[in-house]
Protein chains: 2
Amino acid sequence: MTSRNRNTYHHGDLRQAVLTAALEVIAADGPGALSLRDLARRAGVSHAAPAHHFGDRTGLLTAIAAQGFGLLADALAAGTSLADRGRRYVRFAADHPAHFQVMFAPALLRPDDPDLTAARDRAGAALRAGVAGLPGPDPRATGIAAWSLAHGFATLYLTHNVDDAVGALPPEEYFDALTGFLTERTERTERTERTGRER
Amino acid sequence: MTSRNRNTYHHGDLRQAVLTAALEVIAADGPGALSLRDLARRAGVSHAAPAHHFGDRTGLLTAIAAQGFGLLADALAAGTSLADRGRRYVRFAADHPAHFQVMFAPALLRPDDPDLTAARDRAGAALRAGVAGLPGPDPRATGIAAWSLAHGFATLYLTHNVDDAVGALPPEEYFDALTGFLTERTERTERTERTGRER
DNA sequence: GCGCAGTCTTGTCAGTGGCTAGATTGCTCC
DNA sequence: GGAGCAATCTAGCCACTGACAAGACTGCGC
């Protein structure tokens, strides 16, 4: 699929080719099925070529995780409300299952990688941004609850534990319905006046 | 640690020895660090001995997942209320991080293994048992929301994403506080009369 | 005490990750 | 335009792993 341009010595965009091939493999069979040699074969290069870009297997997975946190941060930053951010969180997991898996598998990553920590911090900031002025006794706890709910649902969805309930629906829509009556009720309880959610 | 009893030819309890050694490795370095040969060395047997009990690597992980779902089912069955089951779910994840990881990594498992599916069904039944008579328009959705919340928090806890907030607290206590004001408010809204939660 | 099923060992093979040394290429600077 | 240089890729190697096959050992039931 992502073979080299010609019979040139240099691939041209090996780094990206390896990344996308890795995402395909992970989405299909999980991170355990990753083989640097297989990725090299798919890209049509020698078995040691990927190592130059990522160092080792852990480096590759760390790069994927960093990219994932960057994408997540972008997705969340475009959100307009807490509910909207929840939808986007679930949507992100559904769109980027390979990234999502790797991002939350710390055993596979180099924890102190600067790119990774930077991207993770950015995503964390986007996550906390919508929680600051939240009602309730402890906004941070409310934020963690919201994060837990979205993360848990996304994980259960990706691991096929809620297939029956979700059916063919886009998962973020089911998630929206899931949280809808709950947050509506909460909001109604907290303050009767509120700009209506327009789902 | 779990070496064989004597210099007998038979180990005596190799299956259990391999299982516990595997759980140690997974808890420390994740399922990717598992090596059947390493487990054999730890148990003091030849490199191919574990294969007799589990078939292959996937078989070992499937056995771990099945054991995990069994333990989870037991833990949930002893729960007295939805909130209590949530606490127990989080407690289970904290007590059995290796099981928890493997249980929700379908790529590592043999999906149609009878022991696995039986244990999973049993855990699912225990999970749904406390949701049947729940308030709200869609009890199943409420159950999934509760499951998502507990599962998400447990996952975030195990992946060190909420260390700052939880601190040295037992995670299920933080989780309890997290959901306390939410469920209390919900219950108060739904029906004013209710047997008080006695945390 | 004999056979047999279960358990473990030994030997082997292909595949993998990571390392080192060297070949090739494109870019920069004079 | 060409010489040097750093980035990129290749080739070869070693230790390790999972999986398989064939055989050795053991304890249990008959």
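If you're wondering where the values come from, they're calculated on a predicted model, not measured in any experiment. Chain letters run A, B, ... following the sequence lines, proteins first, then strands; residues in each count from 1.
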- How far apart are the C-alpha atoms of A:D56 and A:R110, what are their side-chain angles, what is the distance that settles it, and do they pass the salt bridge (charged side-chain N to carboxylate O under 4.0 Å, His left out) test? CA-CA 11 Å; A:D56 55 5; A:R110 197 153 304 157; 2.8 Å; yes
Using distance only, find each side-chain donor-acceptor pair of residues 164-171 of chain A under 3.5 Å and give its atom names and separation, not counting sequence neighbours.
none

- Which of residues 32-39 of chain B have a heavy atom under 4.0 Å from DNA chain D? B:L34, B:S35, B:L36, B:R37
- Message: Which residues in residues 50-61 of chain A have a heavy atom closer than 4.0 Å to any atom of DNA chain D?
- Response: A:H52, A:H53
- Message: Going by ring pair (Phe, Tyr, Trp, His ring centres under 6.0 Å), name the residues that satisfy it together with A:F175, two or more places apart in sequence or in a different chain.
- Response: A:F153
- Integer-rounded Å distance: C:dT16 C1' and A:D29 CG: 17 Å
- Query: Rounding to a whole Å, what distance do you find between A:L14:CG and C:dG26:C1'?
  - Reply: 16 Å
- Message: Applying salt bridge (charged side-chain N to carboxylate O under 4.0 Å, His left out) to A:D113 and A:R120, what does each step give before you reach the verdict?
- Response: CA-CA 11 Å; A:D113 179 84; A:R120 199 205 306 264; over 6 Å; no
- Query: Which nucleotide, D:dG12, C:dC8, D:dC9, lies nearest any side-chain atom of A:A49?
  - Reply: D:dC9
- May I ask you to say what B:R15 touches in the nucleic acid, namely base, sugar-phosphate or nothing, with a heavy-atom cut-off under 4.0 Å? nothing
- Tell me which residues in residues 101-113 of chain A put a heavy atom below 4.0 Å from DNA chain C, sorted by number, or none. none
Donor-acceptor list for residues 96-106 of chain B side chains, cut-off 3.5 Å, not counting sequence neighbours:
unit_1: B:H99; atom_1: NE2; unit_2: B:Q67; atom_2: OE1; d: 2.8

- Message: For the CG atom of B:L23 and the CG atom of B:L19, what is their distance to the nearest 0.5 Å?
- Response: 6.5 Å
- Message: Using 0.5 Å steps for rounding, measure from the CG atom of B:D95 to the CG atom of B:L71.
- Response: 10.0 Å
- Message: Any side-chain to backbone donor/acceptor pair from A:R85 onto A:A129? Under 3.5 Å, distance only.
- Response: no
- Item | Taking every non-hydrogen atom, the tightest pair across A:L149 and B:S148 | O-CB, 3.7 Å
- Message: Ignoring hydrogens, what is the shortest heavy-atom contact between B:A107 and A:D29? Give both atom names and the distance.
- Response: CB-O, 3.4 Å
- Tell me which of B:H47 and A:A48 sits closer to the 5' end of DNA chain D, going by the nucleotide each one is nearest to. A:A48
- Stepwise side chain to side chain contact (heavy atoms under 4.5 Å, CB included) test for B:V18 and B:H53: CA-CA 9 Å; B:V18 168; B:H53 291 275; over 6 Å; no
